[in-house]
Amino acid sequence: MDIVPYSPVNALSHHFFERETSEVARDLIGAVIVRELGGITLAGRIVETEAYLHETDAASHSFRGRTKRNEAMFGEAARLYVYRIYGIHLCANIVTETEGRGAAVLLRAVEPLAGLEEMMRRRNTTQTRQLSKRQLCKKQLCNGPGKLAQAFGFSLDDNHQSLLQTPLYVLPANEPYEVAVSPRIGITKAADALLRFYLPASPFVSPSKWK
DNA sequence: GCAAGGATCTAA
DNA sequence: TAGATCCTTGCC
């Protein structure tokens with residue numbers, strides 16, 4: 001069969017994620033996140049991110065200091081911070097900057113590249129409705145933070161997991177992309193800060209008033 | 001348009 | 001300790 005075209009050899013290094021959070025969030029647009037899960041390769045091109053800064057950012061979980069929930073956000077760069085939102089969904093973040101800082105990049109949407117069958121299966125597991133009624137299409141697999149986390153099988157147990165080697169790593173963008181900027185989605189504090197980055201031409205970004 | 005869902009924060 | 005809030009989604 002085919003050789004899987006994904007290898008951690010050229011994966012982004014610790015240095016990439018140590019930088020200032022909004023720079024990391026912007027530079028992650030076009031990068032490819034790869035996860036080996038149960039012998040299956042899941043991969044997606046990152047098309048939408050948000051930067052959550054340290055103690056000066058009222059919208060960030062780290063704003064009120066370190067707690068059990070946000071502990072992973074204060075860990076070293078290039079590790080996962082996963083949290084539960086609205087009691088139902090999970091959101092996956094990549095920790096940035098220096099250890100103890102409390103900054104991260106939220107992964108909001110990716111374009112599915114590999115493992116689509118598996119993503120579709122994971123996105124359907126909690127669906128009790130008939131498949132024929134509203135079949136999930138490629139665009140709906142990962143176009144939102146909760147959807148992305150579900151498709152890639154992220155869980156609270158994945159907190160602190162490294163993104164620097166198999167089974168989880170990020171490959172740099174293979175071409176330069178024109179990145180658009182907007183306010184972040186779904187927040188009330190610091191709502192005017194331009195810390196959301198996305199590919200304006202991509203049909204795989206999450207549905208929002210900013211397009 | 002809004003309910004679901006559970007942890008976390010805030011005001012007493 | 002009760003009540004509001006929360007980096008969302010999918011069904012009504």
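Lettering follows sequence order; numbering is per chain, from 1.
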Using side chain to side chain contact (heavy atoms under 4.5 Å, CB included) as the criterion, list what pairs up with Ser13(A), not counting sequence neighbours.
->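 Applying side chain to side chain contact (heavy atoms under 4.5 Å, CB included) to Ser13(A) gives His15(A).
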
With a 4.0 Å cutoff (strictly under), does any side-chain N or O of [X] reach OP1 or OP2 of [N]?
{"X": "Thr188(A)", "N": "dC6(C)", "answer": "yes"}
{"X": "Lys189(A)", "N": "dT5(C)", "answer": "no"}
{"X": "Arg123(A)", "N": "dT9(C)", "answer": "no"}

Residues from residues 61-74 of chain A sitting under 4.0 Å of DNA chain B, heavy atoms only?
->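 Those residues whose heavy atoms fall under 4.0 Å from DNA chain B, taken from residues 61-74 of chain A in numerical order, are Arg64(A), Thr67(A), Arg69(A).
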
Sorted by number, the residues of residues 84-91 of chain A with heavy-atom contact under 4.0 Å to DNA chain B | Tyr86(A), Gly87(A), Ile88(A)

Can you measure [X] atom [atom1] to [N] atom [atom2] for me and round it to whole angstrom units?
{"X": "Arg184(A)", "N": "dC7(C)", "atom1": "CZ", "atom2": "C1'", "result": "8 Å"}
{"X": "Gln150(A)", "N": "dT8(C)", "atom1": "CD", "atom2": "P", "result": "15 Å"}
{"X": "Glu50(A)", "N": "dC7(C)", "atom1": "CD", "atom2": "C1'", "result": "6 Å"}

When you measure from the side chain of [X] to the backbone N and O of [Y], does any donor-acceptor pair fall under 3.5 Å?
{"X": "Tyr169(A)", "Y": "Ser7(A)", "result": "yes"}
{"X": "Arg122(A)", "Y": "Met119(A)", "result": "no"}
{"X": "Asn70(A)", "Y": "Gly65(A)", "result": "yes"}
{"X": "Thr96(A)", "Y": "Thr21(A)", "result": "no"}

Kindly give the cluster partners of Leu53(A), where membership spreads through any ILVMFWY side chain lying under 4.5 Å from a current member.
->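 Noted: Leu53(A) shares its cluster with Leu195(A).
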
Rest of the hydrophobic cluster containing Phe63(A) (Ile/Leu/Val/Met/Phe/Trp/Tyr, side-chain heavy atoms under 4.5 Å)?
-> none

Are side-chain N/O atoms of Lys139(A) and Asn143(A) paired as donor and acceptor at under 3.5 Å?
->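 There is no such pair (donor and acceptor under 3.5 Å, judged by atom type) between the side chains of Lys139(A) and Asn143(A).
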
Would you please say whether a donor-acceptor pair under 3.5 Å links the side chains of Ser60(A) and Ser62(A)?
-> yes

Which atoms form the tightest heavy-atom contact between Ala191(A) and Thr188(A), and what is the distance?
-> CB-O, 3.7 Å

Under the ring pair (Phe, Tyr, Trp, His ring centres under 6.0 Å) rule, what pairs show up with a residue in residues 82-109 of chain A, not counting sequence neighbours?
->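 Sorted result for residues 82-109 of chain A: His61(A)-Tyr83(A), Tyr81(A)-Tyr83(A).
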
Between Glu117(A) and Arg121(A), is there a salt bridge with N-O shorter than 4.0 Å?
-> no

Between which nucleotides of DNA chain B, read 5' to 3', does contact with chain A run, using atoms under 4.0 Å from its heavy atoms?
-> dA4(B) to dT10(B)

Hey, could you give me each pair passing salt bridge (Lys or Arg N to Asp or Glu O under 4.0 Å) that has a residue in residues 92-108 of chain A? Not counting sequence neighbours.
->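 Sorted result for residues 92-108 of chain A: Glu48(A)-Arg108(A), Glu50(A)-Arg108(A), Glu97(A)-Arg101(A).
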
dist Asn93(A):CG -> Leu107(A):CG (nearest 0.5 Å) comes out at 7.0 Å

Gap in Å between the two C1' atoms, one belonging to dC7(C) and one to dG1(B), rounded |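 The same atom, C1', in both gives a distance of 22 Å.
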
Span that lies between the C1' atom of dG5(B) and that of dG3(C), in whole angstrom |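 Approximately 16 Å lies between the C1' atom of dG3(C) and that of dG5(B).
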
Could you list by number each residue of residues 101-114 of chain A showing a heavy-atom separation from DNA chain C of less than 4.0 Å, or answer none if no residue does?
->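 Here the set is Leu106(A), Arg108(A).
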
Applying side chain to side chain donor-acceptor pair (under 3.5 Å), name anything that partners Glu178(A), two or more places apart in sequence or on another chain.
-> none

Please work out the stems of DNA chain C from pairs that are Watson-Crick or G-U wobble with both distances under 3.5 Å, keeping only runs of three or more consecutive pairs.
-> B:1-4 with C:8-11, B:6-11 with C:1-6

For Phe204(A), enumerate each residue passing the ring-ring contact (aromatic ring centres under 6.0 Å, His included) test, keeping only those at least two apart in sequence or located in another chain.
->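 Applying ring-ring contact (aromatic ring centres under 6.0 Å, His included) to Phe204(A) gives none.
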
